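Here is the structure we will look at.
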Amino acid sequence: MHLYRSHTCAQLSAPNVGESVRLSGWMHRKRDHGGVLFIDLRDHYGITQIVADEDSPALAVLEKLRPESVVTIDGEVKARTAETVNKDLPTGEIEVFARAITVQSAAEELPMPVAGEQEYPEDIRLKYRFLDLRRETLHANLMTRTKIVADIRERMSAAGFNEFSTPILTASSPEGARDFLVPSRLHAGHFYALPQAPQQYKQLLMVAGFDRYFQIAPCFRDEDPRADRLPGEFYQLDLEMSFVTQEEVWDTMEPVMAGVFEAFADGKPVTPAGEFPRIPYAEAMLKYGTDKPDLRNPLIISDVTSHFEKSGFGLFEKIVGGGGVVRVIPAPGTHEKSRKFFDDMNNWARKEGYAGLGYVTRKGGEFGGPIAKNHGPDRMAELYAELGLGENDGLFFAAGKAADAAKLAGAARIEIGEQLGLIDEDRFDLAWIIDFPFYEYDEDTKKVDFSHNPFSMPQGELEALESKSPLEINAYQYDLVCNGYEIASGSIRNHKPETMVKAFEIVGLSKDDVEREFGGMYRAFQYGAPPHGGMAAGVDRIVMLLVGAKNLREVTLFPMNQKAEDLLMGAPSRPELAQLRELHLRVVEPQPRPASGEA
RNA sequence: GCGGGUGUAGCUCAGUUGGUUAGAGUAUCGGCCUGUCACGCCGAGGGUCGCGGGUUCGAGUCCCGUCACUCGCGCCA
C-alpha cells in the first residue's frame, strides 16, 4: 500500500464499503464523545469522516491531537446507518473506522481557526497565510484562479496567440508609475527596473515578426494600493497583434473575454461576444460620470446646464455663468422616501469631499425642495418632460466645473443605485470605452501631458498632431470595463518614428529624449515595423469579479498588506552590510520629523 | 502625502450618564460522555481595554497626540 494514502478524502463512497484504505490529511474537526470519537479528515479534495472507538488503538492518540494536525489513518470503509448519513458531505454515506494512526505532524494551538468561515484581522491572516489558505473559500478562490488562467491560455492559443516570457530585469522607463529598482552589482550606480508591464517588449516582438503574442505577465508598480489594486505586483493577460485595426482587437478579444466569463460565471448572464457596447470616453464621462461605468446600474446622468442659465436658483445660475455645468441623476420612484433620504445623500456627498448634492423631490407630480421652489414648477415640469421623468421621480443635482460635476454625478449615480437597490448583482456587463483623449491639461504643472499611454497612435496620426489642438485629439485607445471595474486597457500603437517624436514634442520632450528613454523601441521602428496594437487585462480583477470577492487579497496567494509588506516572509527587510557594499549602496536614513515648535 | 472607519481575552464581539472585582460566545487546558457531523455537559486558566499624555475624587468610556489594520482621495500611461 502507498506510504501515505490509497484514496483521497473525497474518493470513498458506498461501493467502497468493506475495503481497507489509508487516508492522509488534516484534522479539520474533532468530535470527542468519550467512548467514540469522530474526525473530519480534510485534504485538498474533500472531507471524510473517521471514527474510532475503544476497540481502536487510534482513539487514545486522536483524543490528544489538536485540530490541523496531519495524520495518516489506516482503516476500514463502513457504511453509515440511515440515520447517520450526512447528505451535505459527498462522502457522507460512508465513514472510515480507524485501525491505526500515524501522526505526521502535530499542530500547536492555532492563532486562527481553519474550520468555519469567520472573519479574522487582515494582519493575522497574512502572517499565517498558510492557515488562511487552508480555509474553504480562499482555497476554492485560488483553485478557481488557476483554472481561469489555464482557460485563458487555451482560448488565447486557440485564437492563434503564442506565449512568450519577457525579461523581469529591465530598464526603467520614465512614463507612468513609480518603478521598483534593482541595483546592479557589475555597474556601480546603475539600476535595473522591474517592468510595469511588458509594453516595450511586446511591441518589439511585433517588430520581430511574431504576429500574435500573449503572456500571463507579472507587472510591478510602486504605487499605493486600493481594494481593486494590489500593492507592488499583479498579473496581466498581456497581448499584442500585428496588422490590425482597433476593431479587430475588439473582435478578437470579445470571444476570449466573454468565453472566460461565461465559463466561470456560474450561470450568471454575461454580455455575449459581438455585443459589447462601444462607448466613447466623452459619452461615458457625461452619462456615467466615469470612464469605468457599471452598466448594471440603469441610472443615466444628463446635462441640464442650459436650463439654469437664467434660473431663480441663484447658485446654479452663478455656476453656469462662470462656465460650470449642471448634471442631474434621476432617483426613480422616490415619492415614498423621507426627507432624511435626500438629506443623507447630501451629507454623503459632503463626507466624500464635495460641496454638496442638491435635490428635487416629486411626489404625485408635486415638486419639493429649494431648487424646485426657486426654479419654479413650470420650468421644473419642462425639465422633467425633457428628461422623461415621471411624477414620482426625484432628481439629484451635481453642479460645478465639468470634471468635478461629472465626478460627483458619477459617484452619486453609484450611491443612488445602491441605495435604491437598482443594481442587479448577478450579471456581468462588459463594454469597451473607446476614443480616449490623447492629451490632457495638467492643472498642477500647467502643461499638456499624455492622458494615458504615450505609445498609442493618435487618431489622425501625424496630420492631427500638426493641425489640431492637442486637447482635441483622441487616441486609438480603449478600456474594457465590467461592472464598474476597468479590467483591460489597450491601444493601437504608434509605430512611426516621426509621429512619435511629434507626439512627445507636444508634451515638451525632444527627439533626443525619445531616443534616450525609449531607445530600443525607437530604433526598432527605423527598420520596418508593422502597424500593431493590443491590450492588457487584469487577471486578478477578472478572478475577483468571477468569484464575487470584494478585495484582491481574496484571490491572491501571498498578498502584501497596504504598506506593501509581506508579513509572512518579512519583506521588505534590511540587507546585510556586505550585500550593500557589493552593490555600491549606502542607506541614507530618513530624518525624523522636527518636533512642533522647532520648525 | 491627506481624509474616513476600526482597535476591549488567541479569535468574534458586548460594555448604559465617567462610578464597586471589565463580561459573553468560541478557542485552549482539565473532567464526564458510544453516533456526532458548528456534538453536548461541568469546571479552570486567559486582559497594560492598541500605546503615550491630559481632564477628573474616579477613565474601557471625555480631550490631545501617536501606532496598527482597513476603505477612499492624491497617485496608478
Side-chain angles (χ1 to χ4, degrees), chain A residues 28-41 47-56 59 63-64 66-68 78 80-89 91-92 95 97 107-128 131 173-179 196-197 199-200 219-232 234 348 350-354 407 411 436-440 443-444 449-456 475 477 479 486 489-491 493 503 507 536 538 550-551 553 561-563 565 567 593 595-596:
Chain A
H28 189 64
R29 279 203 167 90
K30 179 165 82 171
R31 293 177 293 279
D32 187 352
H33 293 237
V36 63
L37 173 150
F38 302 94
I39 300 289
D40 288 339
L41 193 68
I47 283 177
T48 299
Q49 176 164 283
I50 308 295
V51 60
D53 64 18
E54 280 162 350
D55 296 333
S56 167
L59 181 67
E63 274 182 329
K64 293 258 177 297
R66 277 186 285 262
E68 293 307 305
K78 290 190 167 178
R80 297 203 200 182
T81 62
E83 317 87 74
T84 60
V85 163
N86 185 345
K87 289 192 174 61
D88 298 328
L89 206 59
T91 60
E95 61 194 4
F97 183 83
E108 295 290 329
E109 184 183 344
L110 301 170
M112 54 168 288
V114 170
E117 286 293 323
Q118 213 182 344
E119 292 200 37
Y120 298 100
E122 208 61 36
D123 45 352
I124 289 176
R125 293 183 59 190
L126 295 179
K127 184 173 176 186
Y128 298 97
L131 292 179
S173 63
E175 101 287 357
R178 219 172 273 122
D179 280 318
Q196 295 178 25
Q199 179 69 34
Q200 296 191 57
C219 303
F220 305 89
R221 293 176 193 178
D222 189 7
E223 294 294 346
D224 290 349
R226 294 285 183 274
D228 64 348
R229 206 167 75 203
L230 285 168
F234 60 98
W348 161 85
R350 300 177 82 97
K351 203 180 134 215
E352 294 284 310
Y354 300 98
K407 201 172 159 197
F436 276 79
F438 193 42
Y439 295 108
E440 65 188 6
E443 294 285 350
D444 294 333
D449 202 356
F450 293 110
S451 63
H452 286 85
N453 188 334
F455 302 112
S456 311
Q477 187 169 323
D479 282 358
E486 175 198 317
S489 188
S491 67
R493 320 302 177 184
V507 301
K550 291 273 182 278
N551 190 300
R553 285 186 298 270
N561 68 8
Q562 254 210 340
K563 287 191 170 166
E565 295 166 310
L567 297 176
R593 256 196 250 179
S596 56

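Reminder, nothing fancy here: chain letters follow the sequence lines and each chain counts from 1. Keep in mind the model is a prediction, meaning the values are calculated, not measured.
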- Message: Once side-chain contact (heavy atoms from CB on, under 4.5 Å) is applied, do any residues pair with A/Arg29, and if so which ones, sequence neighbours excluded?
- Response: A/Arg31, A/Asp40, A/Ala115
- Classify the nucleic acid contact of A/Arg66 as base, sugar-phosphate or nothing, counting any heavy atom under 4.0 Å across all strands shown. sugar-phosphate
- Task: Look at the side chain of A/Ser456 and the backbone N and O of A/Gln477, then say whether any donor-acceptor pair between them is shorter than 3.5 Å.
- Result: no
- Query: Is there a donor N/O on one and an acceptor N/O on the other, under 3.5 Å, for the side chain of A/Arg229 and the base of B/G72?
  - Reply: no
- Task: Using the C1' atoms only, state how far B/U34 lies from B/C49, rounded to an integer number of Å.
- Result: 45 Å
- Closest heavy-atom pair and its distance - A/Ser491, A/Asn453: OG-ND2, 4.1 Å
- Using the C1' atom in both, what is the distance from B/G15 to B/C76, to the nearest Å? 43 Å
- Item | B/A24 versus B/U36 - spacing of their P atoms, nearest Å | 29 Å
- Query: Mapping A/Glu565 and A/Glu119 to their closest nucleotides on RNA chain B, which lands nearer the 5' end?
  - Reply: A/Glu119
- Task: Have a look at A/Glu122 and say if it touches a base, only the backbone sugar-phosphate, or nothing, with a 4.0 Å heavy-atom cut-off.
- Result: sugar-phosphate
- Between P of B/G7 and CD of A/Gln562, the distance in whole Å: 18 Å
- Query: Hey, where does RNA chain B pair up into stems, meaning at least three consecutive Watson-Crick or G-U pairs with distances under 3.5 Å?
  - Reply: B:1-7 with B:67-73, B:10-13 with B:23-26, B:28-32 with B:40-44, B:50-54 with B:62-66
- Note on the structure: Taken to the nearest whole Å, CD/A/Glu223 to P/B/C73 is 14 Å
- Whole-angstrom distance between B/U56 and B/U61, as gauged at atom P: 16 Å
- Message: Is any side-chain heavy atom of A/Val507 closer than 4.5 Å to one of A/Phe450?
- Response: yes
- Message: Taking side-chain contact (heavy atoms from CB on, under 4.5 Å) as the definition, give me every residue that meets it alongside A/Ala107, ordered by chain and number, with sequence neighbours left out.
- Response: A/Glu68, A/Ser69
- Any idea which heavy atoms bring A/Glu63 and A/Lys30 closest together, and the distance? O-NZ, 2.8 Å
- Message: Just the rounded figure in Å: distance from P of B/G7 to CG of A/Asp123.
- Response: 14 Å
- Message: Can you measure A/Lys64 atom NZ to B/G30 atom C1' for me and round it to whole angstrom units?
- Response: 10 Å
- For atom C1', what is the distance between B/A9 and B/U28, given to the nearest Å? 12 Å
- In whole angstroms, the gap separating C1' of B/C76 from CZ of A/Phe220 amounts to 16 Å
- Item | Integer angstrom distance from the P of B/A27 to that of B/G5 | 34 Å
- Task: Check whether any side-chain N or O of A/Asn561 sits under 4.0 Å from OP1 or OP2 of B/A68, and answer yes or no.
- Result: no
- Residues at least two apart in sequence or cross-chain that pass salt bridge (charged side-chain N to carboxylate O under 4.0 Å, His left out) with A/Arg66, listed by chain then number, are A/Glu108
- Message: Would A/Arg221 and A/Phe234 count as a side-chain contact (heavy atoms from CB on, under 4.5 Å) here? Give the steps.
- Response: CA-CA 9 Å; A/Arg221 293 176 193 178; A/Phe234 60 98; 3.7 Å; yes
- Message: Please tell me if A/Arg178 has a side-chain N or O lying less than 4.0 Å from either OP1 or OP2 of B/G74.
- Response: no
- Message: Take a 6.0 Å sphere around CD of A/Glu117 and say whether it holds more than 12 heavy atoms from other residues, nucleotides or ligands.
- Response: yes
- If the C1' atom of B/U66 is compared with that of B/G74, how far apart are they to the nearest Å? 23 Å
- For the residue pair A/Ala177 and A/Gln196, what are the closest heavy atoms and their distance? O-NE2, 2.6 Å
- Can you tell me how far C1' in B/G30 sits from the matching atom in B/G23, rounded to whole Å? 23 Å
- Task: Give the B/S/- string for nucleotides 32-37 of chain B, one per nucleotide from 5' to 3', where a protein heavy atom under 4.0 Å of the base yields B, of only the sugar-phosphate yields S, and otherwise -.
- Result: -BBBBB
- Message: Regarding A/Pro67, tell me which of base, sugar-phosphate or nothing describes its non-hydrogen contacts under 4.0 Å with the strands shown.
- Response: sugar-phosphate
- Would a 4.5 Å heavy-atom cut-off, applied to side chains only, mark A/Gln200 and A/Phe455 as touching? yes
- So, do A/Leu59 and A/Glu54 sit near enough that their side-chain heavy atoms are less than 4.5 Å apart? yes
- Task: Indicate whether OP1 or OP2 belonging to B/C11 is found under 4.0 Å from a side-chain N or O atom of A/Arg125.
- Result: no
- Query: Just how far, in rounded Å, is P of B/C11 from NZ of A/Lys127?
  - Reply: 11 Å
Which pairs, protein N/O on one side and nucleotides 22-26 of chain B N/O on the other, fall under 3.5 Å?
none

- Message: Just to be sure I understand the rule, does A/Ile124 reach a base, reach only the sugar-phosphate, or reach nothing, if contact means heavy atoms closer than 4.0 Å?
- Response: sugar-phosphate
- Would you tell me if any nitrogen or oxygen in the side chain of A/Lys563 comes within less than 4.0 Å of OP1 or OP2 on B/A68? yes
- Looking only at atom types and distance, does a side-chain atom of A/Ser489 sit under 3.5 Å from a main-chain N or O of A/Ala536, one as donor and one as acceptor? no
- Query: How close or far is atom P of B/U70 from atom OH of A/Tyr120, stated in whole angstroms?
  - Reply: 18 Å
- Query: Are A/Lys78 and A/Glu95 close enough for a salt bridge, meaning some N to O gap below 4.0 Å?
  - Reply: no
- Task: Looking only at side-chain atoms of A/Pro121, point me to the closest of B/C11, B/G72, B/U28.
- Result: B/C11
- Rounded to the nearest angstrom, tell me the gap between atom CG in A/Asp449 and atom C1' in B/C75. 14 Å
- Query: A/Lys407 side chain N/O closer than 4.0 Å to the phosphate oxygens (OP1, OP2) of B/G74?
  - Reply: yes
